[in-house]
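These notes are about the structure you will find just below.
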Amino acid sequence: MATLVIVESPTKARTIRNYLPNSYQVEASMGHVRDLPSGAKEVPEKYKDKPWKNLAINVENNFEPIYVIPKTKEKVVKELKTALKKADELILATDEDREGESISWHLLEILKPKVPVKRMVFHEITQEAIQKALDDCREIDRDLVHAQETRRILDRLYGYTLSPLLWKKIGGNLSAGRVQSVAVRLIVGRERERRAFQSGSYWDLEAQLEHEKSEFSAKLITLDGKKLATGADFDPDTGRITEGRDVKLLNETEATTLKERLIDRTWTVSDRNEKAIKRRPSPPFTTSTLQQEANRKIGMSARETMSIAQKLYEQGYITYMRTDSVHLSQEAIAASRACIEQKYGKKYLSPQPRQYSTKSKGAQEAHEAIRPAGNTFRTPKETGLADKQFKLYDLIWKRTVACQMAEARLTQIAVNINVEEAVFRASGKRIDFDGFFRAYVEGSDDPDAAIDSQEILLPPLQVGDKPNCQKLEALGHETQPPARFTEASLVKTLEKEGVGRPSTYASIINTIISREYIQKRGKALVPTFTAFAVTSLLEEHFPDLVDLGFTSQMEQTLDDIAVGKAKWLPYLETFYRGETGLETQVQVQEDEIDLDTAKTIRLENIEAKVRIGKFGPYIEYQNGEAESIKASIPKDVTPGDLDSEQIANIIRQKIEGPDKLGLFPGTGEPIYLLNGPYGPYVQLGQKTDDNPAPRVASLPKKQKIEDVTLDMAVRFLSLKKLGIHSEKKEAVYLREGPYGHYFQLGEKSETNKRPKIASLPEHIKPEEATLDIALNYLSLPRLLGEHPETGGKIKASIGFYGPYVVHEFKPEGSKKTQKDYRSLKKDIDNVLEIDFERAMELLAQPKRARGGRKKKPLRELGIHPEDKEPVNLYKGPHGDYIKHNETNVGIPEGETIESITLEAAVALLAEKATSKKTKSTTRKKSTTKKKTTTRKKKTK
DNA sequence: CAGTGAGCGAGCTTCCGCTTGACTT
């Protein structure tokens, strides 16, 4: 009996292999294996004449979807088919949520198994859980699959009918979607609030007081029995106190006068109030909260967080990183509690194990929360991880452990101090028991927010005490506009509203950046003019679709479909067909939407029109009667920072011609400061027939246009010519591009459209660059020789990941050239000097494991007598093992990390090598077989 | 890499969610 089990991820496959008998082969589908075609190229020939070919959904026949196997998945599908041939039973063990159920169904459709099929689901990877899951297999849930298909079809209809409308009305390459359009709308909405924001100013007093030799500060809170106005009392639309608020607003003069009057008077404590408060730890991480905290605390983007988490997951350090569940398994709770007891002591344990429940909308909870893997947690130090992997693991470890720790107990202290008609307040905070604060305190999106775990100490003030006023200051404040969204706060909002899924939060941000809807400025997400235009169009003409509640309503219906309470077809019919359906609405609105209006952005307090053109946003300005002036808006200017002054500047520059910075010393040619399609640049001389390509130089990335001086411009421009290539008689330049400095051979011309370019290596400073250096790097790739066996070329050059050598060869019978790369060893090799022998030596070495830093060994045993490579001990997800080159052997029973000797290890490695050789005839069949044999040995 | 916004028109762009490798100006 052989059984094929299919799960989503290869890591999961590897793990559950250990809990299944040897007759079970576990393979991964790598997510979805079938989908709607993404574009015209993938649509099958027979549908190409259909009016709905772009949608790939037969809207004339019950929304029948046309599924294809994407190019990238063909290999996986082929492998699964081969594996199935050898099996007499198929178990589909994908996740238990909507998408997972759908993957199983698609697998069934593609594989068309002739053997019995079972659907198995499990939530924990333990022997018992998997055994139980095997016993409780069921059928595929067709309702759940329909719910997924409905979601897929709706998203396609939404995206692929609205995007073309945007192309027609605003510009190409734009997109609309159920998720991205809402995300952009949120960001645009915030920016509109910021533009409309009216700042208000208010003053207050802050006193430095002293009592029994300790100092503390107090703030003015009431005057004549009236509460003093603070930022929260202002109306953001007017910049004045919100109507109906009975507060006292101080201006600068009043505040200063009051200050001078009060400073010498007697200050008396009039009231003291203590309040006990408790703080509970935040729930364990989900994808969303992990991304938020990594962004707040380590400054990582959502994308970076996910890629590092993926590596931690693959190496067995953490559980699955795409989850919306805060559930912790029993083993995780036990492991956390063991950690706490050992590290902090019993009194830091929460009296009862704490289990959190998921609150976000539409959560599907197919996985556990993100936590350290296993049933005992390795402390961050024990992992041997480094850098960002360490930081992220540390965050996850602390957060998980904190969940099972005791509440923190605090006392808030408020002391009122009267002086004349004024009341000041000193606020303190005392931590009576730090509890989970010991391990972890959640970050905040508000940089000014007080940190929960920080004490503010006050002297023991009692009513009647008379502290001395040492200093009294009048402080002016301005109310601040609402903060822009960051990746953290956007992900938080999207999750709260149920928009997007754990697997997509990071890519949503990437999508809206690559469509140029938003720019990142530091951590802030800033919307562009395009985002304003697109959002306005969608809000005006498709308000329901960009409503924040659209997704949660959809989710509700999908849930109903999943449990059989609703039918999928009528839902799609209503969405797409009929008078109010999307199909008709897009047609109606296409006539209705005025091209000119759609491309124009209306901004308050701005006279000129901002329009979206082919080359980006530009200003259209009516100068007098007849003349209309058009001027591009610089790339990094967004609606948020466009004011009348800036517009006036842009228009002035357009009318008067480019700003002249001064004259080039020596030649006396004028130097201009201009704004081009690739950002600001300086230009020497004017473009004329004699001088068709004047010398130009970009400003360095961080250079502000306002601060450019003549001196700087001269420097930028003279960065240029290094000399003449003696053979080719062409000039060699050093230039600065968007990715740093680079060398260029010759100039761009009709005959030479792509001059040769080589980037400046990191260790050479632009000032130090000479013609010789440039020629050396421009001559790359260097041909080092031919491979004695294949006759292929051996070359050395610099690539995206640094200097490398490559062996280019054509395997026998193949037309394709294969390239085998090795990076040069830093500090040892030099790409300009490396010779053929050394290149061959590097190519003979095995490829280094990708994915960053090597794991740190538990123990170094020594050097292998034969090839002088190290033999080390490592901790793996399934136990400790010996590693030598690419060969791994488990530590045999009876031996421990400490006891094993180099000789014993070498013997074990030799044994493994011979067992490999004897099996070499069958080796190619499957890698899983090899693993099975080693495991057998271990368990004997 | 470097100065634009008309209009002609073929053929293309585009969605969300699940997953990992491949990627070397």
Side-chain angles (χ1 to χ4, degrees), chain A residues 7-12 28-36 38-41 54-56 72-73 75-76 94-95 97-100 102-103 106 148 151-167 171-181 310 314 322 366 499-504 507-508 511 515 551 599 611-618 620 628 630-632 654 658 674-681 683 687 693-694 696-698 735 737-740 742 744 748 754-759 781 797-804 806 819 821-823 850-851:
Chain A
V7 297
E8 270 113 325
S9 106
T11 311
K12 194 168 169 185
S29 78
M30 313 276 188
H32 276 292
V33 284
R34 219 164 58 141
D35 192 12
L36 299 171
S38 72
K41 271 168 261 157
N54 278 336
L55 295 171
T72 52
K73 290 294 166 62
K75 201 178 145 208
V76 182
T94 53
D95 295 344
D97 58 6
R98 209 160 58 206
E99 300 294 331
S102 167
I103 290 172
H106 277 294
Q148 191 278 342
R151 198 276 308 150
R152 182 68 190 89
I153 293 169
L154 184 137
D155 280 333
R156 170 53 65 92
L157 295 173
Y158 185 130
Y160 275 39
T161 52
L162 284 186
S163 300
L165 183 69
L166 295 180
W167 305 337
N173 259 332
L174 297 176
S175 61
R178 171 175 61 82
V179 171
Q180 58 169 290
S181 295
Q310 171 97 28
E314 283 170 5
R322 289 187 275 264
V499 179
R501 303 277 314 131
S503 63
T504 61
S507 53
I508 294 166
T511 303
R515 298 266 168 278
T551 292
K599 285 189 190 199
R611 312 200 70 224
I612 304 290
K614 274 191 274 188
F615 313 106
Y618 65 98
E620 201 173 82
S628 159
K630 290 167 184 167
S632 272
K654 185 76 184 182
L674 298 118
N675 232 314
Y678 307 104
Y681 66 106
Q683 178 178 299
K687 191 179 162 182
V696 296
S698 288
R735 313 193 63 190
Y739 308 112
Y742 61 97
Q744 182 178 320
K748 199 181 154 186
R754 278 185 167 274
K756 174 127 180 118
I757 277 172
S759 47
S797 188
I798 299 178
F800 199 68
Y801 301 108
Y804 65 90
V806 64
K819 296 182 178 184
Y821 292 92
R822 294 291 183 282
S823 283
R850 287 186 35 250

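So you know, we letter chains A, B, ... as the sequences are listed, proteins then strands, and number each from 1. Note that the coordinates shown come from a computational prediction; the quantities given were computed from them, not determined experimentally.
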Pick out the pairs of N or O atoms, protein on one side and nucleotides 15-18 of chain B on the other, that lie under 3.5 Å.
from, atom 1, to, atom 2, distance (Å)
B/dC15, OP1, A/Ser175, OG, 3.4
B/dC15, OP1, A/Gln180, NE2, 2.8
B/dC15, O2, A/Arg152, NH1, 3.1
B/dC15, O2, A/Arg156, NE, 3.2
B/dC15, N3, A/Arg152, NH2, 3.0
B/dC15, N3, A/Arg156, NE, 3.2
B/dC15, N3, A/Arg156, NH2, 2.9
B/dC15, N4, A/Arg156, NH2, 3.1
B/dC16, OP1, A/Val179, N, 3.0
B/dC16, OP1, A/Gln180, N, 2.9
B/dC16, OP2, A/Gln180, NE2, 3.2
B/dC16, O4', A/Asp155, OD2, 3.3
B/dC16, O3', A/Arg178, NH2, 3.0
B/dC16, O2, A/Arg151, NH1, 2.8
B/dC16, O2, A/Arg151, NH2, 3.4
B/dC16, N3, A/Arg152, NH2, 3.4
B/dG17, OP1, A/Arg178, NH2, 3.1
B/dG17, OP2, A/Thr504, OG1, 3.0
B/dG17, O4', A/Arg151, NH2, 3.3
B/dC18, OP2, A/Ser503, OG, 2.5
B/dC18, O5', A/Ser503, OG, 3.3
B/dC18, O2, A/His32, N, 2.6

List, with names and distances, any nitrogen or oxygen atoms from the protein found under 3.5 Å away from nitrogen or oxygen atoms belonging to nucleotides 8-12 of chain B.
none

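Atom NZ in A/Lys599 sits roughly 18 Å away from atom P in B/dT4 (whole-Å rounding). Rounded to whole Å, atom P of B/dT20 lies 6 Å from atom CD of A/Glu314. Atom NZ of A/Lys75 and atom C1' of B/dT20 are 11 Å apart (whole Å).
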Quiz prompt | Base-pair map of DNA chain B as dot-bracket, where | denotes pairing with a different strand and pairs are Watson-Crick or G-U under 3.5 Å | solution = .........................
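Judged by distance alone, with hydrogens and angles left aside, the side-chain atoms of A/Ser163 form a donor-acceptor pair with the main-chain N or O of A/Ala176 at under 3.5 Å. At distances below 3.5 Å, at least one donor-acceptor pair connects side-chain atoms of A/Ser507 with backbone N or O atoms of A/Thr504. Distance alone, capped at 3.5 Å, places no donor-acceptor pair between the A/Lys73 side chain and the A/Gly31 backbone.
Listed by chain and number, the residues in a side chain to side chain contact (heavy atoms under 4.5 Å, CB included) with A/Val179 are A/Val499, A/Ile508 (sequence neighbours excluded). Remark: A/Ser102 pairs with A/Gln148 by the side chain to side chain donor-acceptor pair (under 3.5 Å) rule, at least two apart or across chains. With sequence neighbours left out, the side chain to side chain contact (heavy atoms under 4.5 Å, CB included) criterion links A/Ser797 to A/Leu780, A/Pro781, A/Tyr804.
Shown here for A/Glu8 and A/Gly100, the closest heavy-atom pair between the two residues is OE2-CA, 3.7 Å. Nearest heavy atom pair, residue A/Glu314 against residue A/Thr11, reads CG-OG1, 3.7 Å.
Within the nucleic acid shown, A/Gly616 comes within 4.0 Å of at least one base atom, counting heavy atoms only. Note on A/Leu154: nothing from the nucleic acid sits closer than 4.0 angstrom, heavy atoms only. Counting any heavy atom pair closer than 4.0 Å across all strands shown, A/Gln148 reaches no nucleic acid atom.
A/Asp95 has no carboxylate O lying under 4.0 Å from a charged side-chain N of A/Arg322, or vice versa, which leaves the two without a salt bridge.
For the atom pair A/Arg178 CZ and A/Arg151 CZ, the distance stands at 6.5 Å (nearest 0.5 Å). Residue A/Thr551 holds its OG1 atom at 8.0 Å from CG of A/Asp155, rounded to the nearest 0.5 Å.
To the nearest whole angstrom, the two P atoms, one in B/dC23 and one in B/dT19, are 23 Å apart.
At a cut-off of 3.5 angstrom, the base of B/dG5 holds at least one donor-acceptor pair with the side chain of A/Ser632.
Here A/Phe615 does not count as stacked on B/dG5, because the ring centres are not under 5.5 angstrom apart with planes under 30°.
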